[in-house]
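The first residue in the sequence is number 1, and the count goes up from there.
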Amino acid sequence: MDVRPTGSVEGLGSDRGRGSRSKQSAKHLISTSHHQPTPGDKRARHLVLVLGDQLDAGSAAFDGFDPQVDVVWMAEVAAEAEHVWASKPHIALFLSAMRHFRNRLQAESTPEARIDYRMLDDPDNRGSLGAELCRAVEAWQPERAIVVQPGEWRVQEQLHEAADRAGAPLEIRPDRHFICPTDVFGAYAAERKRLLMEHFYHKMRRRTGVLMDGDEPVGGEWNYDDQNRETFGREGPRDVPVPAKFQSDRVTREVLDLVGARFSDHPGSLEHFDWPVTPEQAQEALTDFVEHRLPNFGTYEDAMWTDEPYLYHSRLSAALNLKLLDPRAAIEAAEEAYAEGQGRGDGVPPLNAVEGFIRQILGWREYVRGVYWRHMPAYAKRNALEAEAPLPSFYWTAETEMACLRHCIRQTLDYGYAHHIQRLMVTGLFALLLGVEPQQVHAWYLAVYVDAVEWVELPNTLGMSQFGDGGVMATKPYCASGKYIQRMSNYCSDCRYNPSQRVGQEACPFTTLYWDFLMRHRERLASNPRMGLQLYNLRRIDEDDQRAIRQQAAQVRERVLAG
């Protein structure tokens, strides 16, 4: 696989090739002492800002770095854990990975350069990125501050305002971690009346050569999603390989103790914390996934099962989003596993698995980021369905009679993780059908998942899950009854509700609210051709039954929101 840039909009390429920097060695760029530098030792030429989701020593922020005159700045601040009610696993992952990155810079250096690292429990910590940046600029008096484009509009604006206030120009450099630069995506989008991820994905495949046989896709099809919707049946999954686990070292244990004490009232548990926090661990996690779970990933990627939080999923999204793992390395590993395994028989990743995994990275991940930066900041306020209900309190406790929600939310709070169907078709689906304000759903997703950074979380939540953008991310609302959850999981087997019933004491709230959702939005959705069958089935329900559904939906809403 070669993902070299083509130098044109049509290329949709990358600013660097193949993933050669995935090991992220810092030896070429920095030397530093093993102690906290004293501001005033020497004025800095450049203050290089490294944020918690930019832990890539090969990033553009370090281009031209001179350890004799430049300073690296990193800051742990409470505001980043409190602007949403961030879960303990989310906070711990970012802090541990940041400290390991700092230590890596120190270990691979000589004593000339400086790292200004503000720890969360430093007594003089000013509490926010903006305030800490002002402090650093005052201390080092740099000619300019340099940062790779942040993963959140809010953070970018905060840094701009702080730099302006402190009197230091802020240079924002492109994030080479991504394969499609934002300006290239913007130019691509501007040429089209309607954006579709599938078309963008085809373009990316053609221009990178990933899974291509000349001008045609390997295997003759672009997308094998129709092979990736199998269930486990009544017997359930068998012998699912346990993902690689990463024991906490001294740095991580200190972080876990700090987070447990400082954020004791925040949601979530640290009991199961075993995420990769270094590039080496991220690479190990990738190798483990490709060898042991990728072969069955595609077939069962939409399936769910109680007490199986990971099944055949990769657990790589957090490492990718913190820049511990280069997406090119992940794509290349999957593609090579498929190419090398042809004709070898069992245990080899089939094409539907490899293509599905690569589509998540080369297609969805790049597309979502393009959508985010093309439409922000107004995108975050969109509410196309005019949903106004509050988020039910059980999203923070998992205390609900609905088994599917209880299992998925409990798993989320315990591990900081749920796979895409659990997010889209359980927690997200219920919020959509209930009519929760999408901004509240967004805040919950941003808070509880370890891989959540706004550029990826907001479009997936507000757009894909809640249809709050009116169709930018998805061509239709992802709405379904409880029958979908019954088909794809075993959650309904220990639930008091019956997904086949829409009214009555045993009626599944998902099913009741599904039909109520279609009734509430039938006029809005009537012109959407992809909603035709669902609206046709609604018309087959007589007026008396529709009235009963509306009454039951009102009771469900009252009961759920009473908390």
Mind checking whether [X] and [Y] have side chains closer than 4.5 Å, heavy atoms only?
| X | Y | answer |
| --- | --- | --- |
| Tyr497 | Pro509 | yes |
| His177 | Pro327 | yes |
| Tyr445 | Asn460 | no |
| Leu446 | His83 | yes |

[X] and [Y]: side-chain donor and acceptor closer than 3.5 Å?
| X | Y | value |
| --- | --- | --- |
| Ser500 | Lys483 | yes |
| Glu457 | His442 | yes |
| Thr412 | Tyr449 | yes |
| Gln439 | Asn383 | no |
| His419 | Asp302 | no |
| His407 | Gln411 | no |
| Gln440 | Glu437 | yes |
| His313 | Arg293 | no |
| Tyr372 | Glu152 | no |

Aromatic ring proximity, centroids under 6.0 angstrom, [Y] and [X]:
| X | Y | value |
| --- | --- | --- |
| Tyr310 | Trp305 | no |
| Trp153 | Trp455 | no |
| Tyr514 | Phe510 | no |

For Gln546, all residues meeting side chain to side chain contact (heavy atoms under 4.5 Å, CB included), sequence neighbours excluded: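 Listed in chain order: Met519, Arg522, Leu538, Ile541, Glu543, Arg550.
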
Residues that Thr397 engages under side chain to side chain contact (heavy atoms under 4.5 Å, CB included), provided they are two or more places apart: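 So Thr397 forms a side chain to side chain contact (heavy atoms under 4.5 Å, CB included) with Phe394, Glu399.
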
Counterpart residues, side chain to side chain donor-acceptor pair (under 3.5 Å), relative to [X] (two or more places apart):
| X | result |
| --- | --- |
| Tyr415 | none |
| Thr252 | Ser96, Asp249 |
| Glu366 | none |

Residue pairs passing the side-chain hydrogen bond (donor to acceptor under 3.5 Å, both in side chains) test where at least one lies in residues 463-477, sequence neighbours excluded: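 Only Tyr379-Asp469, Thr475-Arg530 qualify under side-chain hydrogen bond (donor to acceptor under 3.5 Å, both in side chains).
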
Where is the tightest heavy-atom contact between Tyr224 and Val218, given as atom of each residue plus distance?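 Scanning both residues completely, I find the closest heavy atoms to be OH-O, 3.5 Å.
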
For residues Val426 and Cys408, report the shortest heavy-atom separation together with the two atoms involved.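 Shortest heavy-atom separation between Val426 and Cys408 comes out as CG1-SG, 3.7 Å.
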
Qualifying residue, where the test is side chain to side chain donor-acceptor pair (under 3.5 Å) with Tyr201 and the options are Lys203, Arg205, Glu198: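 Of the listed options, the one satisfying the test is Arg205.
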
For atom CZ of Arg192, decide whether the heavy atoms of other residues, nucleotides or ligands shown that lie under 6.0 angstrom number more than 12.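 Yes, the 6.0 Å shell around CZ holds more than 12 heavy atoms from other groups.
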
Got a list of side-chain donor-acceptor pairs under 3.5 Å for residues 230-242, not counting sequence neighbours?
none

Pairs meeting criterion salt bridge (charged side-chain N to carboxylate O under 4.0 Å, His left out) with involvement of residues 400-425, two or more places apart: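 Listed by first then second residue: Glu401-Arg496, Arg410-Asp414, Arg423-Asp451.
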
What pairs of residues pass the salt bridge (charged side-chain N to carboxylate O under 4.0 Å, His left out) test when at least one of them lies in residues 501-516, not counting sequence neighbours?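 Pairs touching residues 501-516 that pass the test: Asp516-Arg520, Asp516-Arg557.
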
Could you label the plane-to-plane angle of the Phe263 and His266 rings as parallel, tilted or perpendicular, counting under 30° as parallel and over 60° as perpendicular?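 Aromatic pair Phe263/His266 classed perpendicular.
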
Only distances under 3.5 Å count here; give the side-chain donor-acceptor pairs of residues 429-436 to other protein atoms, sequence neighbours excluded, each with its distance to 0.1 Å.
none

Checking Arg315 now: which residues fulfil salt bridge (Lys or Arg N to Asp or Glu O under 4.0 Å) with it, not counting sequence neighbours?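 Only Asp274 meet the salt bridge (Lys or Arg N to Asp or Glu O under 4.0 Å) criterion with Arg315.
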
The criterion is salt bridge (Lys or Arg N to Asp or Glu O under 4.0 Å); which residues satisfy it with Arg374, sequence neighbours excluded?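 Arg374 satisfies salt bridge (Lys or Arg N to Asp or Glu O under 4.0 Å) with no other residue.
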
Taking the side chain from Gln552 and the backbone from Gly504, do they hold a donor-acceptor pair closer than 3.5 Å?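 Side chain of Gln552 to backbone of Gly504, a donor-acceptor pair under 3.5 Å: yes, one is there.
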
